[in-house]
Amino acid sequence: ASKPSTTGTTLQRTLEGMEGRGYPSYKDLMGAAWDMEGCDGCKVYFDRVQGDPYAPPSWIRVRMPSANAGFPDEFVSRSRVRNIALCDFVARVLSDMLRGGTGTDWTKTVSGGGWGGSKGGDITVDTPGQYVVPRTSIVCTSQWIEARLTLSLPARGRSVEGYRAAEIIGGLMDVAKRSLRYAALDKAALKAHILSVEDQESARSQLEGLGLVAFVADGSVLPRKSGVDERPMTKKDDPNLVTFESPPSMSVEIEVPNRGVLTGMGIRRGITMIVGGGFHGKSTILQALQVGVYNKVDGDGREFVVCDERAVKIRSEDGRWVGCADISPFINNLPFSRDTSAFSTGDASGSTSQAANIVEALELGATAMLIDEDTCATNFMIRDAPMVELVAPEKEPITPFIKRVRPLFEDCGVSTIMVIGGSGDFFPVADTVVCMERYRATDVTEQAHAVASKHGRVVPEPVPFPKAP
């Protein structure tokens, strides 16, 4: 890294004076704030100082007064969502600069050039991914903006490297002046980021009033670069990339304050099935919906794939611990008269874990469930006629989900969105059936009901869902 421009502050001179002393001398930095002269009124706080070079890094804060930071009040105080988006943007810029970037494009991987080094010297801040959520790494109030970071204080052996520590603090202050001040940031990019997040929050808040459980905007990019990279797929990654378009019969409009009217697929409250062949996009759309409870960074491609904020993804989790869960709506009559109204186990089976996941979600007030057949326990979901004939119902402890899914909505108001690829038994209970073919969505509700009728599939006798006490 190049030499920092910030030099000669009281803190830096103090660090230089510690050169060669025992590592515990760094503890003297804790206590009152350090005024950073010539740094726009910044103060540095050492909240926790590591005991030796190999211990977890120290906690520091850099605080700049609002008068010097200069962020508009409309971004800081008008609404909580704007404040969250502002802090998120600043955290991205700060993180990118600490890693040697320019702070203008944090979607690129940065290598080298940052203010860090071997055996101490690394400065890090909690780096956001694709989601804009409340964080404590950057806090902005009407009085000040504050960055909260970790710093591995440098050492040679177990002695203080004071001159290097002073240089690292200088680099940190240079970065602070370029990331914590409104005048130093890309104002257009900051405003676009904040307004995009505000629009996403507005779209999500309108779902209930429109009778929707989810909305997928036309033009959304649902696929990701890879299973370990949440960034959007591009035409460069795959020339066959298909952006989302709503079936005409499901198209709705949502008006948001900044972008105006959005059109897309509205998934209505009730029971929705997503069907289609393998590798045609069923799970891709469900994966986009399951993170629809979060706001995304501008340019993610899924900004306006929004979901009921109380939606929960449900799956089986073999081996999970369950404590005092009432799974009796789904599982009872266990061998040896084992009680399922307060069920506990340290090694749940696929079906009991899925039942526990559902009842725990309901206890927390979930109003929608997202389920992918691929990650479910088959015996929990359905029981076909030959199996019922072979294993009598009175000998089967599980009430399959197919008998509960309709009462869950009618008795408890809980909607379900399910990806189904292997069983058409759910067709009769579905209000809407969407078919994904080559990543394009089609409304096939009428055809699905006709196919179910042709093959003698009928709505199973519903089992009323017990109301919570």
Any salt bridge linking [X] with [Y]? Criterion: basic side-chain nitrogen under 4.0 Å from a carboxylate oxygen.
| X | Y | result |
| --- | --- | --- |
| Glu437 | Arg440 | no |
| Arg224 | Asp300 | yes |
| Asp431 | Arg406 | yes |
| Arg92 | Asp96 | no |
| Arg315 | Asp372 | no |
| Arg320 | Glu360 | yes |
| Glu146 | Arg148 | yes |

Sidechain-backbone polar pair: [X] side chain, [Y] backbone, donor-acceptor under 3.5 Å:
| X | Y | answer |
| --- | --- | --- |
| Asn83 | Cys140 | yes |
| His280 | Tyr439 | no |
| Thr367 | Val414 | no |
| Asp443 | Thr445 | yes |
| Ser328 | Ser341 | no |
| Ser220 | Leu222 | no |
| Gln290 | Lys313 | no |
| Ser353 | Glu317 | yes |
| Asp199 | Arg259 | yes |
| Glu373 | Met418 | no |

Closest heavy-atom contact between [X] and [Y]?
| X | Y | value |
| --- | --- | --- |
| Pro223 | Leu241 | CG-CD1, 3.9 Å |
| Pro57 | Ser152 | CB-OG, 3.6 Å |
| Arg302 | Ala288 | CD-CB, 4.2 Å |
| Ala214 | Ile417 | CB-CD1, 4.4 Å |
| Pro460 | Lys403 | CB-CG, 4.1 Å |
| Cys435 | Gly276 | SG-CA, 4.3 Å |

Can you confirm whether [X] sits close enough to [Y] that some side-chain heavy atom of one is under 4.5 Å from a side-chain heavy atom of the other?
| X | Y | answer |
| --- | --- | --- |
| Ile138 | Leu94 | yes |
| Met381 | Ile371 | yes |
| Phe380 | Thr352 | no |
| Val49 | Trp59 | no |
| Ile123 | Thr150 | no |
| Glu303 | Gln130 | no |
| Lys187 | Tyr182 | yes |

Between [X] and [Y], a side-chain donor and acceptor under 3.5 Å:
| X | Y | result |
| --- | --- | --- |
| Gln50 | Ser58 | yes |
| Asn332 | Thr340 | no |
| Ser205 | Ser202 | no |

Mind running side chain to side chain contact (heavy atoms under 4.5 Å, CB included) on Ile84 and Val132 for me, showing each step along the way? CA-CA 7 Å; Ile84 290 169; Val132 181; 4.1 Å; yes
Passes side chain to side chain contact (heavy atoms under 4.5 Å, CB included), Asp47 versus Arg61? Steps please. CA-CA 8 Å; Asp47 294 322; Arg61 289 180 288 138; 2.6 Å; yes
Please assess Ser196 against Gln200 for the test side chain to side chain donor-acceptor pair (under 3.5 Å), listing each intermediate value before the final yes or no. CA-CA 6 Å; Ser196 171; Gln200 294 172 56; 3.2 Å; yes
Passing candidate, side chain to side chain contact (heavy atoms under 4.5 Å, CB included) with Phe244, options Val305, Val221, Ile285: Ile285
Tyr131 ring centre to Lys296 NZ or CZ under 6.0 Å, with the angle to the axis within 45°? no
Distance to the ring centre below 6.0 angstrom and angle to the axis at most 45 degrees; does that hold for Arg82 and Phe75? no
Working for side chain to side chain contact (heavy atoms under 4.5 Å, CB included), residues Ile194 and Phe89: CA-CA 8 Å; Ile194 291 173; Phe89 186 91; 5.8 Å; no
Taking the six-membered ring for Trp, are the ring centroids of Phe330 and Phe465 within less than 6.0 Å of each other? yes
